[in-house]
Amino acid sequence: MTGIYEELRQRGFLYQCTDEDELPRLLEREPVTFYVGFDPTASSLHVGSLVPILAMVHMQRAGHRPIAVTGGGTALVGDPSGKTEMRQMLTREKIRENARSISAQLAFFLDLDGEKGLAVDNIEWLEGLGYIDFLREIGRHFSVNRMLAMESYKQRLETGLSFLEFNYMCLQAYDFVVLCKEHNCVLQMGGQDQWGNIVAGLDLVRRETGRQAYGLTFPLLTDSSGAKLGKTVAGAIWLSEEGTSHFDFYQFWRNVDDTDVGRFLKLFSFLPVEECERLGKLEAPAINRAKEILAYELLKVVRGDKAAADTYLAVAQQYGSADPEGHIETSSSITALTAAQVDNTPTLTVSATEAAAGIRLTDLLVRGGLCPSNGEAKRMVKQGGARVNEEQITDIGAIISAEVLALTPIIKAGKRRLFRVEID
RNA sequence: GGCGGGGUUCCCGAGCGGUCAAAGGGGGCAGACUGUAAAUCUGUUGGCGUCAGCCUACGGUGGUUCGAGCCCACCCCCCGCCA
């Protein structure tokens with residue numbers, strides 16, 4: 001059996017490690033308590049956080065103990081690492097609220113009940129810090145000269161960096177010390193932009209406790225065009241269902257670039273590495289099966305088995321399946337799903353009275369959430385992007401009659417987005 | 001605190017006082033081609049409206065003008081140099 005470190009490496013989770021020789025050995029030798037920090041800057045995590053989350057899941061499965069730290073304290077300061085400019089300051093209430101919901105989301109992926117893992121918020125120990133005490137005990141270990149030379153500040157030294165943000169690194173380093181003392185935590189993991197903060201943390205741990213700690217970073221997740229994954233104009237792809245519907249979440253992964261399939265399967269599914277690689281290398285139309293598997297497995301991990309099955313079947317019903325005969329081999333449970341009649345298509349319900357009068361197509365597009373405004377709906381129709389039960393309609397004034405509505409028609413905007421209209 | 005340079009639509013960025021909802025690029029969306037992919041080409045990209053009309057936008061507030069992103073005053077914020 002391969003070790004967890006090797007497993008993570010093969011799956012593409014590793015970017016940098018502070019000690020490539022010793023850490024793998026430590027991980028094989030004993031259960032290690034490690035931590036990953038999450039910024040409560042939004043009320044939900046988005047797909048960008050999947051890399052750290054899945055890394056934690058793999059680690060926990062291998063017997064190690066994760067600490068999910070929400071940065072309710074550090075978010076009051078704001079991490080300047082890798083950012084071009086200072087982020088909008090959030091209110092304390094908002095941060096607390098965000099921290100709570102993020103913490104709850106993490107508990108969906110990980111066992112954080114205390115024994116096998118735990119969840120903490122660094123506000124717990126940061127809030128009560130006295131300024132003078134902190135400067136004398138912690139501040140004295142930091143060299144401003146060295147901090148200024150760090151990569152994470154480089155960009156900000158050009159555009160501007162406030163003293164507030166400059167302190168961020170010290171606080172995060174202090175987190176590590178606290179976690180090490182209280183919970184015996186000796187490993188911190190994070191995105192590659194966290195390297196500077198993590199290294200500062202290990203240094204401080206050594207100075208304060210004399211213990212050897214480790215750090216490990218994940219690669220920044222980008223799609224093949226180099227753009228950060230999961231941010232679209234419509235907004236990020238969220239992990240929560242309120243933020244992004246099952247259907248949209250599925251479609252997002254179903255439409256990734258061919259060249260990303262294998263990489264994403266390795267990172268986000270629990271299918272064997274060799275299988276991920278084989279699926280990612282499929283040619284021409286067969287690659288679409290790999291994308292279905294990717295979307296299905298992702299949805300399974302993030303939203304659960306039922307959501308994944310229902311959504312896959314609903315989409316298959318609309319678009320067909322890429323491999324109906326089952327020629328492509330996979331260990332994914334997707335193979336068990338065939339021709340069921342579950343329908344998870346997004347649905348817009350309209351009242352019987354308005355249906356009787358007929359409803360304008362543009363109104364339906366807006367109400368169904370496919371277009372943000374009336375103007376955009378008209379544009380969509382005019383350009384031929386709108387379809388009602390596969391029939392293209394280009395008249396912007398078109399009214400969908402009561403007879404058509406009675407058929408619970410599928411309204412489409414473009415090829416990928418759609419919903420069904422039902423009469424109440 | 002002093003001097004200088006800036007704040008424009010999702011982002012970058014252009015913008016003679018009228019013809020500016022605002023050039024150009026990026027991104028997005030749609031169409032064609034495809035494989036619900038990529039590349040390419042085309043169209044489109046503030047809101048409302050029974051489309052040739054109205055409303056809201058060019059950091060904020062007032063002002064000058066028949067008329068102001070475009071001129072003036074004050075204020076706020078950002079950047080650079082100096083203290």
Side-chain angles (χ1 to χ4, degrees), chain A residues 80 83-89 155-165 222-237 247-265 279-296 298-299 311-324 327-328 345-346 358-363 365-366 368-387 390-399 410-419:
Chain A
K83 308 216 168 50
T84 326
E85 52 192 42
M86 186 163 157
R87 202 195 305 245
Q88 172 92 48
M89 290 245 260
Q155 194 166 27
R156 292 300 296 279
L157 285 176
E158 283 161 29
T159 60
L161 175 67
S162 70
F163 183 66
L164 174 76
E165 296 171 282
T222 56
D223 61 29
S224 55
S225 64
K228 256 193 199 171
L229 195 73
K231 56 161 206 170
T232 64
V233 161
I237 304 297
F247 183 84
D248 288 345
F249 193 86
Y250 181 94
Q251 291 286 266
F252 176 78
W253 297 103
R254 174 63 183 81
N255 283 294
V256 298
D257 199 288
D258 288 5
T259 54
D260 289 329
V261 178
R263 189 161 60 102
F264 290 170
L265 275 170
L279 291 171
K281 283 188 201 132
L282 290 172
E283 293 288 328
I287 186 78
N288 283 320
R289 181 58 171 172
K291 290 186 191 182
E292 285 179 0
I293 293 169
L294 174 68
Y296 167 76
L298 240 318
L299 205 48
T311 306
Y312 165 69
L313 291 170
V315 173
Q317 190 178 322
Q318 287 305 317
Y319 295 96
S321 164
D323 181 32
H327 293 311
I328 295 160
T345 310
I359 304 176
R360 201 178 327 182
L361 176 56
T362 51
D363 290 343
L365 286 167
V366 173
L370 264 35
C371 296
S373 70
N374 229 317
E376 196 140 318
K378 287 180 187 172
R379 206 175 298 130
M380 178 75 69
V381 175
K382 206 184 307 176
Q383 298 190 9
R387 287 191 170 72
E390 296 311 316
E391 184 196 347
Q392 189 179 53
I393 294 181
T394 51
D395 172 15
I396 61 168
I399 298 204
I410 295 282
I411 311 278
K412 275 194 188 181
K415 287 185 249 193
R416 323 170 178 171
R417 292 177 303 140
L418 55 79
F419 67 91

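Letters A, B, ... mirror the listed sequences (proteins, then strands); counts begin at 1.
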Nearest atoms (heavy-atom pairs only) where A:R417 meets A:Y319: N-OH, 4.1 Å

For A:R289, answer base if it contacts any base atom (sugar-phosphate contacts may also be present), sugar-phosphate if it contacts only those atoms, and nothing otherwise; contact means non-hydrogen atoms under 4.0 Å. nothing

Considering only atom C1', compute the distance from B:A73 to B:A23 and round it to an integer number of Å. 31 Å

Let me see the working for A:I399 and A:L361 under side chain to side chain contact (heavy atoms under 4.5 Å, CB included), right down to the final yes or no. CA-CA 6 Å; A:I399 298 204; A:L361 176 56; over 6 Å; no

At less than 4.0 Å, is any side-chain N or O atom of A:N374 found next to OP1 or OP2 of B:G47? Yes or no. no

Could you write out each protein N or O paired with an N or O of nucleotides 53-58 of chain B at a distance under 3.5 Å?
none

Is there a Watson-Crick or G-U wobble partner for B:C3 with both distances under 3.5 Å, and if so, which one is it? B:G80

Here the pair of heavy atoms bringing A:K291 nearest to A:D258 is NZ-OD1, 2.8 Å

Would you mind pulling out the nucleotide paired to B:C74, Watson-Crick or G-U wobble, both distances under 3.5 Å? B:G60

Closest non-hydrogen atoms of A:A290 and A:L279, given as atom of the first, atom of the second and distance, are CB-O, 3.4 Å

For atom P, what is the distance between B:G7 and B:G59, given to the nearest Å? 8 Å

Nearest-nucleotide check on RNA chain B, A:G384 vs A:A316; residue mapping nearer the 5' end is A:G384

From CD of A:Q383 across to P of B:C29 the rounded distance in Å is 13 Å

C1' gap between B:U44 and B:G60, integer Å: 34 Å

Taking atom P of B:G35 as reference, at what distance in whole Å does atom CZ of A:R254 sit? 12 Å

Name the nucleic acid region contacted by A:V315, choosing base, sugar-phosphate or nothing; use a 4.0 angstrom heavy-atom cut-off, strictly under. base

Shortest side-chain distance from A:M380, nucleotide among B:G49, B:C29, B:C48: B:C29

So, for A:E292 and A:R289, which heavy atoms are closest and what is the spacing to 0.1 Å? OE1-NH1, 2.9 Å

Using atom C1' in both nucleotides, what's the gap between B:C20 and B:U9 to the nearest angstrom? 12 Å

May I ask you to say what A:I287 touches in the nucleic acid, namely base, sugar-phosphate or nothing, with a heavy-atom cut-off under 4.0 Å? base

Send over the distance from A:D260 CG to B:G35 P, rounded to a whole Å. 20 Å

Length of the line joining A:I396:CD1 and B:A52:P, which is rounded to integer Å: 11 Å

The reported gap from CD in A:E390 to CD1 in A:I410 (rounded to nearest 0.5 angstrom) is 8.5 Å

Integer angstrom distance from the C1' of B:A14 to that of B:A22: 10 Å

For a quick test of reading the model, state the closest non-hydrogen atom pair linking A:T362 to A:V381 and the distance between them. CG2-CG2, 4.1 Å

Atom-to-atom span, CG of A:L418 to P of B:A30 - whole angstrom: 12 Å

Nucleotide opposite B:A37 in a Watson-Crick or G-U pair, distances under 3.5 Å: none

Which nucleotide, if any, forms a Watson-Crick or G-U wobble pair with B:U44, using both distances under 3.5 Å? B:G28

Both distances under 3.5 Å, Watson-Crick or G-U wobble: report the partner of B:U9, or none. none

Looking at CD of A:Q392 and CZ of A:R387, how far apart are the two atoms once the value is rounded to the nearest 0.5 Å? 5.0 Å

Can you tell me the distance, in whole Å, between the CD atom of A:E376 and the C1' atom of B:C10? 12 Å

Is any side-chain N or O of A:D258 under 3.5 Å from a base N or O of B:G35, one able to act as donor and the other as acceptor? yes

Just the rounded figure in Å: distance from C1' of B:A37 to CG of A:L282. 14 Å

B:A57 versus B:A37 - spacing of their P atoms, nearest Å: 40 Å

Whole angstrom value for the distance that separates C1' of B:G35 from CG of A:D257: 13 Å

Classify A:R379 by what it touches in the nucleic acid, base, sugar-phosphate, or nothing, heavy-atom distance under 4.0 Å. sugar-phosphate

Counting any heavy atom closer than 4.0 Å, what does A:K382 reach on the DNA or RNA strands: base, sugar-phosphate only, or nothing? nothing

Taking any strand in view, what nucleotide pairs with B:G18 in a Watson-Crick or G-U wobble way, both distances under 3.5 Å? B:C66

Residue met sooner reading RNA chain B from 5', once A:R360 and A:Q392 are mapped to nucleotides: A:Q392

Can you check the distance between B:A21 and B:G46, where both ends of the measurement are the P atom (answer in whole Å)? 13 Å

Drop me the distance from A:T311's OG1 to A:L299's CG, to the nearest 0.5 angstrom. 5.0 Å

If the glycosidic angle is within 90 degrees of 0 it's syn, otherwise anti, so just tell me which one B:G69 is. syn

Hey, does A:N288 reach any base, or is it just sugar-phosphate, or nothing, if we go heavy atoms under 4.0 Å? base

Strictly below 4.0 Å: does A:T259 bring a side-chain N or O up to OP1 or OP2 of B:A37? no

Determine the Euclidean distance between corresponding C1' atoms of B:C70 and B:G18; express it in Å to zero decimal places. 11 Å

Where A:V366 and A:A377 come nearest, the two heavy atoms and their spacing: CG2-CB, 3.9 Å

